Amino acid sequence: MSEVRVRFAPSPTGYLHIGGARTALYNWLYARKHNGTFVLRIEDTDEERSTRESIDEILDGLAWMGLQWDEGPYFQSERLETHQQAVQQLLANGSAYRCFCTKEELEAKRAHAQEHKLDYKYDGTCRNLTQQQVQDRVAAGQAFVVRFKTPRQDGCIAFEDRVYGRVEKHYDDIEDFVILRSDGKPLYLLSSAIDDMTDRITHVIRGQDGLGNTPRQILILSALGHTPPVYAHISLTLDTKKAKISKRKHGEVVTVAYYKERGFLPWALCNFLLLLGWSNSEDREFFTREELIEAFDLEGIARHNSVFNYTAGDPNNFTDPKAVSMNARYISMLDMDELLPCVKAELQKSGLWQDAFESEKKQWLRDTVELMRTRLHTINDFSTRGRPYFADDFEFEEQAVEKNLKKDERVKTLLPRVADALAALAVFDHGTIEQALRDFCDQEAIKPGLIINAIRTACTGQSAGPGLFELVAAIGKERTVARLRAAAAML
Ligand code: GLU
């Protein structure tokens, strides 16, 4: 069997969105699984809409997701000559012809068809011009486009899509389509097919919106004597209201850059995107890269459109909840040596990093991250919810203050006393803290919950978090005692 070669072929006309990223992921996985080659091709022939910024965003996004390409990036705009040569070849072998019909003539025919409620299709006026007629018109300087000469025969062109199964299109329904404009520029449809041939692509895995192009691309490739690649079209990603996702409608939340900024782990995002439209017989949800490469196949791609469970404008729902829980799960189980650099970058970004975290406080950082991580959803949470571990200026949640510090009047006098009890400890760890607090509750004849909740809020401003004894140990004696006293003074 020949080597598997797949490609991701984005048009750099905007951001890298999650639908495109999913297409890239499926291609990357397929290449890795078959020890093949993943080609990156930038389809930048739309000069007006293509931007350098968008190219950079695509390259950054793919690199961040870990979807490293093996070849490229190739730029479609640099291959104009190859595309034009292919058109010449099609003209030479009789698979294409020059069409001199003017815009006005075509418009009139279209209007006539519309008037009579007929489907408009180019009628083939120039299809059978003699060589002499063509030569004369060219010599006379008449403008022309080049059209593909669709076989006029019964039946249909058919192919086996690896996702959708057999797809058929009647020859009758394919007009003689334009492949070269009058200004000598090839149409995208042609360029893309020729590039697939040039890049020796064996499997075209792309969005379902490419399905309509496929029969014509197969016609072009076959007319050049090339065996077309295998096609697998991926269903679209829609929002909860069944609308196609777009940045205009949904904003940043549909871009890969958003997840990067929000503190997603790249592989968590990949895993989430994977499951938007792919499943295997085991119904498994979590995979390491290696496991997924092993498990992935084109057969598992869903035919129905997938739903990105996000409603624009809902402030409590900053993205699909499944994406968040996937990320939380990865944060809690990632290898500590992989997680720590992510946390470091986040703390640096938010000005909470201390060099001591890599020297005398190294073990402390490790233990603290371990303690926090099972409750956090994003890497950014380490510097927001996690701020009280790394800084003394943190916010107090109003509800937590009301419930845990203000509601019971005894708290105001209990806090300085419990601060004294903790200050007296020679060893400050989970065990000694727990014992000291139990003794304190016995002496004061109070329920542990009262002081435990008060300490939590005094030390972190929050009402939820890790087990209190570990939390206090992580904050450390000095800071705990100071925070307890400060909270009492505030009441
Ligand atoms: N450049 C096309 C796009 O971004 C890709 C089509 C294809 O993969 O063939 O939609």
Side-chain angles (χ1 to χ4, degrees), residues 4-31 36-59 61-62 65 67 69 71-80 82-83 86 159 161-164 167 177 179 185-221 226 228-238 244-248 254-256 273 277 298 301 305:
V4 164
R5 292 175 61 87
V6 295
R7 88 304 196 267
F8 178 49
S11 305
T13 52
Y15 53 94
L16 175 62
H17 68 81
I18 55 173
R22 182 166 66 115
T23 303
L25 172 68
Y26 289 0
N27 276 285
W28 181 85
L29 283 168
Y30 197 72
T37 302
F38 178 44
V39 176
L40 177 60
R41 182 170 80 225
I42 306 289
E43 299 201 317
D44 57 345
T45 34
D46 184 339
E47 282 166 28
E48 263 168 43
R49 294 173 61 225
S50 299
T51 65
R52 183 67 231 179
E53 217 183 346
S54 166
I55 294 174
D56 290 342
E57 189 171 325
I58 291 167
L59 300 185
L62 291 177
M65 287 171 75
L67 307 181
W69 52 97
E71 259 182 44
Y74 298 129
F75 291 89
Q76 192 161 64
S77 60
E78 291 171 6
R79 295 172 162 185
L80 181 63
T82 315
H83 304 148
F159 65 96
D161 187 274
R162 285 286 290 275
V163 176
Y164 286 89
V167 177
F177 51 97
I179 53 178
K185 294 231 173 92
L187 267 90
Y188 167 73
L189 179 87
L190 174 117
S191 305
S192 164
I194 300 305
D195 285 352
D196 285 338
M197 183 170 89
T198 307
D199 295 332
R200 294 177 289 119
I201 299 301
T202 57
H203 296 72
V204 168
I205 306 169
R206 66 180 172 194
Q208 190 248 27
D209 41 357
L211 194 55
N213 285 340
T214 312
R216 285 173 294 168
Q217 293 187 319
I218 291 176
L219 283 176
I220 292 173
L221 294 173
H226 182 76
V230 171
Y231 291 90
H233 288 88
I234 304 173
S235 57
L236 302 177
T237 306
L238 306 177
K244 212 175 141 177
I245 56 161
S246 74
K247 186 162 171 185
R248 193 171 45 78
V254 299
T255 68
V256 168
L273 292 179
L298 296 175
I301 298 177
N305 292 329

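All values reported here derive from a predicted model rather than from experimental measurement. Note that ligands are numbered from 1 as they come in the structure, with each ligand's atoms numbered from 1 the same way.
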Requested in this report: Determine yes or no for a side-chain-to-main-chain donor-acceptor pair under 3.5 angstrom, with N27 supplying the side chain and F38 the backbone.
Outcome: no
Requested in this report: Verify, without hydrogens or angle tests, whether R7 (side chain) and D196 (backbone) share a donor-acceptor contact under 3.5 angstrom.
Outcome: no
Requested in this report: Below 4.0 Å from any atom of ligand 1, which residues have a heavy atom? Give them in chain and number order, please.
Outcome: R7, A9, P10, S11, E43, Y188, S192, R206
Query raised in the report: How would you list, by chain and number, every residue that makes a salt bridge (Lys or Arg N to Asp or Glu O under 4.0 Å) with R206, sequence neighbours excluded?
Result: none
**Report entry** Any donor-acceptor N or O pair under 3.5 Å, side chains T198, R79
**Finding:** no
Query raised in the report: T45 and H83: side-chain donor and acceptor closer than 3.5 Å?
Result: no
Query raised in the report: Of the non-hydrogen atoms in V204 and P229, which two are nearest, and what is the gap between them?
Result: CG2-CG, 3.7 Å
